[in-house]
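I have placed the structure first, in the form of structure tokens, so that the comments after it can refer back to it.
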There are 2 protein chains.
Amino acid sequence: MKRKAVPRKTQQRQLISKCLHELCHPSAEDVWNCVRKEIPGVNKTTIYRNLRRMVDEGELKCFMTDSGVMLFDSTLDRHYHLRCDKCGKISDIPSALFDRIAEIMQKEKQFKITDYNLTLSGICADCQERANRKTSNPDQDLGS
Amino acid sequence: MKRKAVPRKTQQRQLISKCLHELCHPSAEDVWNCVRKEIPGVNKTTIYRNLRRMVDEGELKCFMTDSGVMLFDSTLDRHYHLRCDKCGKISDIPSALFDRIAEIMQKEKQFKITDYNLTLSGICADCQERANRKTSNPDQDLGS
DNA sequence: GTAATTGCAAACGGTTTGCGATCTC
DNA sequence: GAGATCGCAAACCGTTTGCAATTAC
């Protein structure tokens with residue numbers, strides 16, 4: 001296990017954190033635009049690198065949109081997303097209820113559900129078994 | 001209102017359909033590799049264009065992976081996806097139950113859920129209102 | 001015959017990487 | 001002063017587009 005050095009408090013990194021708290025499900029570009037207000041010369045690469053590192057270190061979550069753009073989410077608790085088909089705006093649903101979601105959304109948020117996509121992540125039976133076999137005979141890892 | 005012409009039965013398109021039935025959640029590249037077995041010279045562009053058209057015409061569904069690759073799904077009914085964190089394999093969960101999913105998956109499929117992401121799509125209150133304001137020019141059915 | 005479809009090459013857009021310059025600690 | 005971080009340019013990779021040649025109807 002390699003241990004990463006403590007991140008340095010650069011102006012850029014601090015501003016990125018600040019912007020993440022101000023913005024709601026921003027893309028890297030959204031963050032860039034926010035940071036640029038105070039550091040006009042920041043490079044997009046710096047934004048990408050810092051965001052990715054924050055995700056790697058667990059300070060931040062991210063998810064993919066249908067159009068292939070990564071969005072970032074400073075809310076670390078499990079929760080759902082509500083995405084409007086028309087304007088594309090994404091809002092949060094706290095992860096309390098799991099049942100009757102469509103009805104509740106319709107009644108309480110006036111959001112008319114037309115589709116949904118739930119992706120559960122975890123470890124499949126095959127991989128669990130493979131991991132068990134590897135505890136005595138370690139070969140290469142499949143992990144991405 | 002433009003009406004699309006009926007797709008022509010090209011060899012390529014027919015093979016793409018055939019491959020979609022053989023493959024499970026394929027990427028465009030997967031489909032390409034499958035079609036190439038019978039038409040070695042097919043161009044990837046042809047695959048992309050046909051897949052996109054099938055999606056546009058509702059014959060096919062598609063969704064984004066976390067890595068930004070589009071996957072295609074010939075199962076048109078609503079259903080969930082189960083994705084293994086290690087091997088990345090995606091399997092289907094029929095959309096019958098909505099409650100106690102993690103427990104059931106754990107028990108019945110030996111799948112250890114570590115995370116999930118549910119994105120509900122629909123029309124938000126703002127957009128519904130916006131559409132209502134435009135009611136003098138009725139274009140689509142958002143109401144009821 | 002003619003409009004749709006293909007193949008090819010080039011473009012695109014979001015993201016990543018290599019590297020020398022700069023900044024934190 | 002050493003190593004982390006930055007800025008820049010170029011690469012990357014999946015996907016899309018423009019266009020001339022080919023094909024289905």
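Note that the structure is a prediction, hence the values are computed from the model and not measured. Reminder, nothing fancy here: chain letters follow the sequence lines and each chain counts from 1.
Residue A:Thr10 places no side-chain N or O under 4.0 Å from the OP1 or OP2 atom of D:dA4. Between A:Gln12 and D:dG7, a side-chain N or O to OP1/OP2 separation shorter than 4.0 Å is present. Between A:Arg8 and D:dG3 there is no side-chain N or O to OP1 or OP2 distance below 4.0 Å. Contact annotation: A:Arg49 does not reach the phosphate of D:dA4 (side-chain N/O to OP1 or OP2, under 4.0 Å). In this structure, B:Tyr48 does not reach the D:dT16 phosphate: none of its side-chain N or O atoms is under 4.0 Å from OP1 or OP2.
Distance NZ (B:Lys9) to P (D:dT23): 19 Å, rounded to an integer number of Å. Here C:dG14 presents its P atom at 13 Å from CZ of A:Phe72, a figure rounded to the nearest Å. Atom CE in A:Met70 sits roughly 7 Å away from atom P in C:dT15 (whole-Å rounding). If you measure from atom CD1 of B:Ile47 to atom P of C:dC8, you get 13 Å, rounded to the nearest angstrom. If you take CD of B:Gln11 and C1' of C:dG7, they are 14 Å apart, rounded to a whole angstrom. With rounding to whole Å, A:Arg13 atom CZ is found 15 Å from C:dC25 atom C1'. Taking atom CG of A:Asn50 as the reference point, atom C1' of D:dC6 lies 9 Å away to the nearest angstrom.
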Please walk me through it: do B:Asp30 and B:Ser27 pass side chain to side chain donor-acceptor pair (under 3.5 Å)? CA-CA 5 Å; B:Asp30 294 334; B:Ser27 63; 3.1 Å; yes
Test side chain to side chain donor-acceptor pair (under 3.5 Å) on A:Asn33 and A:Arg36 and set out the steps. CA-CA 5 Å; A:Asn33 286 327; A:Arg36 273 204 291 178; 2.6 Å; yes
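Considering A:Arg13, A:Arg52, A:Arg53 as possible partners of A:Glu59, the one that fulfils the salt bridge (Lys or Arg N to Asp or Glu O under 4.0 Å) test is A:Arg13.
Listed for the B:His25 side chain is no donor-acceptor partner under 3.5 Å among the backbone atoms of B:Leu71.
Less than 4.0 Å separates DNA chain D from at least one heavy atom of each of the following residues of residues 14-46 of chain B: B:Ala28, B:Thr45.
Pairing each heavy atom of A:Phe72 with each of A:Leu51, the nearest pair is CE1-CD1, 3.6 Å. Of all non-hydrogen atoms in B:Leu60 and B:Leu20, the two that sit nearest each other are CD2-CD1, 3.7 Å. Nearest heavy atoms, B:Trp32 versus B:Asn43: NE1-C, 3.8 Å.
Ranked by how close their nearest DNA chain D nucleotide is to the 5' end, B:Pro7 and B:Leu71 are led by B:Leu71.
Residue-level contact check: B:Arg52 touches the backbone only, with heavy atoms under 4.0 Å from sugar-phosphate atoms and none from bases.
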